[in-house]
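Here's the structure, in structure tokens; my notes come after.
Quick note: numbers below take in every heavy atom, side chains included, and nothing from hydrogens, waters or symmetry partners. We count residues from 1, following the sequence as given. A quick note: this is a predicted structure, and the numbers were derived from the prediction, not measured. Every number for a ligand or one of its atoms is a count from 1 in the order of the listing.
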Amino acid sequence: MKPRIAVTLGDPAGVGPEIVARLCAHAPTLELAELIVVGQRRLLEAGARSCGLPAPAVEVVEVGQLLKITPGLPSPASGKLAGGFVEKALELVQAGEAAAMATAPISKEALQAAGYSDTGHTTLLARRTGTERPVMMLAGERLKVVLVTIHKAMRDVPGLLSVEGIVHTAQVTHDSLERYWGIAAPRLAVCGLNPHAGEHGLFGDEEERIIAPAVEELRAAGVDAVGPLPPDTVFWRATRGHFDTVVCMYHDQGLIPLKLLHFEDGVNVSLGLPIIRTSVDHGTAYDLAGTGQANPASMIAAVRMAAQMAMAGD
Ligand SMILES: NC(=O)c1ccc[n+]([C@@H]2O[C@H](COP(=O)([O-])OP(=O)(O)OC[C@H]3O[C@@H](n4cnc5c(N)ncnc54)[C@H](O)[C@@H]3O)[C@@H](O)[C@H]2O)c1
Ligand SMILES: N[C@H](C(=O)O)[C@H](O)COP(=O)(O)O
């Protein structure tokens, strides 16, 4: 049986309704998954019109009030709807009405303007599921990265790194690669923080104080982790097949190489939650909203990955 995937519309002022409309018209994906769109039929149909598509024939779970939304103009109202769509999709998965959720992009700023304390889907879902430390993975065919710290100011990153945090991130990643990707004994590369991984304390000591002890602990627990490795070359090595995933110390360390290779078809996966959640790897693209030009490939990849994970996790 095809897994049912709850697909949110994202911030209605962004490209979400358009990429979801294109997803609903993507026959190969409809063969893999049964879609339940979580949002408003009116918004989905407006997205379809922008793309020159007929109204999608798909189940829609209606959420929130009907409001006037202008493509490209986010507001507290668009942020509130976006947050409501995510919460409803989570409820559907928790109730067993969907096997997984796949989310279209939201704006963190609009979400907070609507009164949410969260810095995105990941923290919202972690808060709502009582998950202390979710792990953000971004995945493409050639490269997978996970982040030890996520949406944090650069100046705070060194102080937020800990042996425990690195070990947790790598262990959750290891277990997920085995469970959902069927990789036996996943090989993890652990990045340094500083140029050339500090070059033995020449510039920065986080490698010796924090990252190397974390790698030792992981290896003692049977995880095939190596590092700290110089961040400027580790991604090139990973794309040559040396590692299954690169454990990165901060957001842009991992997401710059990932998006350079995979902006069009990469998937954001939340690991360590009690549910399966995938997402696009791009943002709301307000500059394109309403034009029908947004590329749906990442949304399609997110739904396909959610379906595969749901099948693998059964
Ligand atoms: N999964 C998510 O919910 C998610 C992911 C990333 C960013 N965001 C949020 O999105 C908002 C806007 O972020 P941003 O401007 O930094 O990045 P963005 O990804 O929205 O846009 C960056 C550039 O890429 C283009 N682009 C994005 N998606 C595209 C698509 N599908 N097809 C063609 N071109 C596309 C945009 O037009 C823009 O030029 C922020 O609030 C950010 O936090 C959300
Ligand atoms: N860091 C993610 C990215 O750039 O793709 C992103 O901002 C989405 O975050 P959430 O999945 O927490 O909304």
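Put simply, the side chain of Glu206 never gets that close to the backbone of Leu161: no donor and acceptor are under 3.5 Å apart. Judged by distance alone, the side chain of Asp244 and the main-chain N or O of Arg187 form a donor-acceptor pair under 3.5 Å. Side-chain N or O atoms of Glu217 include none that pairs as donor or acceptor with a backbone N or O of Val163 at under 3.5 Å. For Thr131 (side chain) and Arg127 (main-chain N/O), no donor-acceptor pair under 3.5 Å exists by modelled atom type.
Counting heavy atoms closer than 4.0 Å to ligand 1, residue Leu288 contributes side-chain atoms (C-beta onward) but none from N, CA, C or O. Contacts between Asp287 and ligand 1, counted as non-hydrogen atom pairs separated by less than 4.0 Å, involve the side chain only. When heavy-atom distances to ligand 1 are checked against a 4.0 Å cut-off, Ser279 comes that close only through its side chain, counted from C-beta outward. Neither the backbone nor the side chain of Tyr286 comes within 4.0 Å of ligand 1, counting heavy atoms alone.
The closest approach between any non-hydrogen atom of Lys108 and ligand 1 is below 4.0 Å.
Nearest protein neighbour of atom 21 (O) of ligand 1, counting heavy atoms only, is Ala285 CA, 4.4 Å. Looking only at heavy atoms of the protein, atom 2 (C) of ligand 1 is closest to Pro105 CA, 3.7 Å. From the protein, the heavy atom lying nearest to atom 25 (C) of ligand 1 is Phe263 CE2, 4.2 Å. Among all protein heavy atoms, the one lying closest to atom 9 (C) of ligand 1 is Ile106 O, 3.3 Å. Nearest protein neighbour of atom 19 (O) of ligand 1, counting heavy atoms only, is Gly283 N, 2.7 Å. Summary of contacts: the protein heavy atom closest to atom 32 (N) of ligand 1 is Asn295 N, 2.8 Å.
For the atom pair Glu207 CD and Leu202 CG, the distance stands at 11.0 Å (nearest 0.5 Å). Between the NE2 atom in His200 and the CG atom in Asp205 there is a gap of 13.5 Å [rounded to 0.5 Å]. Taken from CG in Asp224 to CZ in Arg219, the straight-line distance is 6.0 Å, to the nearest 0.5 Å. Distance check: Ile19 CD1 to Asn295 CG gives 9.0 Å after rounding to the nearest 0.5 Å.
The aromatic rings of His251 and His151 sit tilted, their planes meeting at an angle between 30° and 60°.
Protein heavy atoms are absent from the space less than 4.0 angstrom from atom 15 (O) of ligand 1. Checking atom 34 (N) of ligand 1 against the protein gives a heavy-atom contact under 4.0 Å. For atom 40 (C) of ligand 1, the nearest protein heavy atom lies 4.0 Å or farther away.
Ligand 2 is surrounded by Lys108, Gly120, His121, Thr122, Met136, Leu138, His151, His251, Leu255, Lys259, Asn268, Arg277, Asp281, each with at least one heavy atom closer than 4.0 Å.
The shortest N/O to N/O separation between Asp281 and ligand 1 does not fall below 3.5 Å. Residue-to-ligand polar distances place His282 within reach of ligand 1: an N/O pair is separated by less than 3.5 Å.
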**Report entry** Audit row: Arg4, Glu34, salt bridge (charged side-chain N to carboxylate O under 4.0 Å, His left out) steps and yes/no
**Finding:** CA-CA 5 Å; Arg4 279 161 63 83; Glu34 184 183 335; 2.8 Å; yes

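Within ligand 1, counting atoms from 1 as listed, the ones closer than 4.0 Å to a heavy atom of Thr284 are 10 (O), 11 (C), 12 (C), 20 (O). Of all atoms in ligand 1, numbered sequentially from 1 with element shown, those under 4.0 Å from a heavy atom of Ser107 are 41 (O). Heavy-atom contacts of His121 reach the following atoms of ligand 1: 3 (O) (cutoff under 4.0 Å). Atoms of ligand 1 lying under 4.0 Å from any heavy atom of Val280, numbered from 1 in the order shown and given with element: 1 (N).
Residues Ile183 and Leu143 do not share a hydrophobic cluster, defined by chaining ILVMFWY side chains whose heavy atoms lie under 4.5 Å apart.
Heavy-atom neighbours of Lys259 NZ from other residues, nucleotides or ligands within 6.0 Å: above the threshold of 12. Within a 6.0 Å sphere centred on CD of Glu164, other residues, nucleotides and ligands contribute 12 heavy atoms or fewer.
Residue Ile276 is tested with Met101, Gln308, Met309 for a side-chain contact (heavy atoms from CB on, under 4.5 Å); the sole match is Met309.
There is no side-chain donor-acceptor pair under 3.5 Å between Asp11 and Thr284. A donor atom on one side chain and an acceptor atom on the other are found under 3.5 Å apart for Ser279 and Arg277.
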